[in-house]
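Values reported hereafter were calculated over all heavy atoms of this structure, with side chains retained and with hydrogens, waters and symmetry mates removed. Throughout, a chain's letter reflects where its sequence line sits, starting with A, and its residues are numbered from 1.
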2 protein chains.
Amino acid sequence: MQSTSTHRPPRCLDCDTRRHCLAAGLDATGLDAFEHQVVLRRHVLKRHQRLVARGAPFDTLYSVQQGQLKTERAMPDGSRRQVIGFHQPGRLLGLESLGANSHRCDALALCDSTVCAISYPSLTRMMKQYTALTRRFHQLVGTELDRQQTSMLMLGTAKTPQRLAALLLDLADGGGDDGCPADTVTLRMSRDDIASYLGLALESVSRQLSQFRVAGLLAVHNRRIDLLDRERLRGIAMAG
Amino acid sequence: MQSTSTHRPPRCLDCDTRRHCLAAGLDATGLDAFEHQVVLRRHVLKRHQRLVARGAPFDTLYSVQQGQLKTERAMPDGSRRQVIGFHQPGRLLGLESLGANSHRCDALALCDSTVCAISYPSLTRMMKQYTALTRRFHQLVGTELDRQQTSMLMLGTAKTPQRLAALLLDLADGGGDDGCPADTVTLRMSRDDIASYLGLALESVSRQLSQFRVAGLLAVHNRRIDLLDRERLRGIAMAG
DNA sequence: CGCAGCCTTGATATTCTTCAAGCATAGTGG
DNA sequence: CCACTATGCTTGAAGAATATCAAGGCTGCG
């Protein structure tokens with residue numbers, strides 16, 4: 001972890017993403033305990049700043065409060081990197097390290113972001129008492145596994161158009177600040193990141209975007225994408 | 001879940017895989033509580049028998065005691081299936097459903113197997129009291145996420161030879177009944193299953209096995225594979 | 001204004017899939 | 001016990017999808 005501002009953004013009670021985060025479902029007392037015993041601090045990250053480095057000792061999970069991050073993973077020998085996930089507010093980072101002593105992924109901010117550092121030992125302690133917290137934690141873990149399996153399914157069986165359409169729709173859902181689908185998606189990541197995540201060459205991503213544009217499915221303005229025909233995109237994402 | 005024998009195979013105390021399963025690390029008292037309060041029953045499965053059907057209400061996890069199972073996943077519309085994982089003794093099934101009300105995967109026995117059904121509500125209750133159990137559960141969850149991310153990395157970035165070499169070495173590790181690497185691997189799954197898991201056509205798997213054979217890396221006797229040159233296989237799995 | 005990074009597009013090369021045929025194996029019933 | 005059949009596996013040839021190589025354009029920042 002690298003140096004970050006020590007400024008403390010919204011406390012749990014005032015936090016916009018409380019509804020979706022690990023603390024969701026806690027009452028006022030619980031929320032207070034969570035904030036003081038479990039949340040170690042809040043990190044304010046600048047674009048491209050690293051939050052977690054692979055190999056760092058694991059005792060902290062991270063909850064995205066604002067912004068967006070990517071997690072990356074490399075082969076043991078360093079060859080072949082891949083983006084494993086894009087993380088929007090409410091998602092938990094570091095879960096794949098629960099079985100190890102050290103973090104298994106790098107995590108980097110795609111835009112200016114804030115992240116809550118969560119003490120894993122303290123979380124464990126607090127879960128003994130707060131069933132709602134345990135339930136929520138397990139929910140997030142399950143969702144994460146589910147999401148990854150969906151990614152595996154994409155990487156294993158889907159062609160380029162399906163992969164890209166699915167990602168765009170994914171980013172659009174929950175991309176609206178209200179958590180609702182938005183008709184315009186701002187890509188916070190480079191074409192390179194997208195390609196890596198989808199298991200494609202970056203040129204393929206570029207070409208596919210152009211094809212979607214020509215087909216009238218969307219409009220491309222740099223990293224802003226206007227979804228013009230959600231229905232057809234959804235059809236492509238599902239069945240090709 | 002389909003009908004299974006009601007015979008109860010090894011109790012926890014006598015179980016060979018206790019060392020690797022969810023109950024690892026529990027003392028005698030804990031083990032007793034685990035067996036009586038958390039383990040609902042043990043399923044004896046015949047080859048090809050289904051343990052879990054996608055969509056079944058979720059309140060049970062499964063721990064593999066003996067044998068091997070595969071989990072499969074399909075697109076919502078049913079097109080495109082993929083094998084998500086092969087599960088050997090000690091592994092937990094159903095974790096991806098923790099965030100949902102219903103199971104998200106199918107699970108099928110690849111050979112005659114026994115599986116412990118674990119009540120998720122009871123497990124949650126018992127974890128409040130037994131820290132070691134919580135720790136172990138989180139460890140298994142983390143390992144599962146880690147494993148899946150490694151699969152994503154393979155599916156996204158690796159060529160055919162790398163994928164297959166990595167799988168063979170994976171199956172060899174822990175394939176020995178003592179949990180140690182074995183020099184001969186018995187594939188419990190079809191070429192089709194392997195291909196699906198690796199995101200390839202089954203013909204590609206077959207061809208690649210032949211190439212490995214010609215190169216003197218292994219010998220193929222149906223589903224029994226003798227690994228003749230682990231080192232070179234490992235090199236291929238890592239860097240191609 | 002100009003540089004640097006990012007993105008698009010085109011041409012070519014490669015990998016993998018698909019289609020098709022034949023072989024081997026394990027299981028079945030005579 | 002043996003022949004028979006279904007299933008799974010291997011191999012070959014053709015074709016499709018995608019990567020790679022190469023060049024040029026756009027954009028945002030200094």
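Checked by atom type, the side-chain pair A:S210/A:R207 shows no donor-acceptor distance below 3.5 Å. Side-chain contact check for B:R163 and B:Q208: no donor-acceptor pair (N or O, by modelled atom type) lies under 3.5 Å. Using modelled atom types and a 3.5 Å distance limit, the side chains of B:R73 and A:Q149 yield a donor-acceptor pair.
Using a 4.0 Å cut-off between charged side-chain N and carboxylate O, B:R54 and B:E72 make no salt bridge.
B:V141 is not listed as a side-chain neighbour of A:L95, based on a closest heavy-atom distance of 4.5 Å or more. Side-chain contact between B:I225 and B:L209 is present, with at least one heavy-atom pair separated by less than 4.5 Å.
With sequence neighbours left out, the side chain to side chain donor-acceptor pair (under 3.5 Å) criterion links B:S79 to B:D77.
Looking at heavy-atom distances under 4.0 Å, B:R163 makes no contact with the nucleic acid at all. Contacts of A:S206 with the nucleic acid, taken as non-hydrogen atoms under 4.0 Å apart, include base atoms.
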| request: Indicate for each nucleotide in nucleotides 19-30 of chain D, in 5' to 3' sequence, whether protein heavy atoms under 4.0 Å reach the base (B), only the sugar-phosphate (S), or nothing (-). | output: SBB-----SS--
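Rounded to an integer number of Å, the gap from CZ of A:R47 to C1' of C:dC6 is 11 Å.
Summary of helix geometry: the two end axes of the helix from C:dC1-D:dG30 to C:dG30-D:dC1, each defined by five base pairs via their C1' atoms, are inclined to each other by 40° (rounded to 10°).
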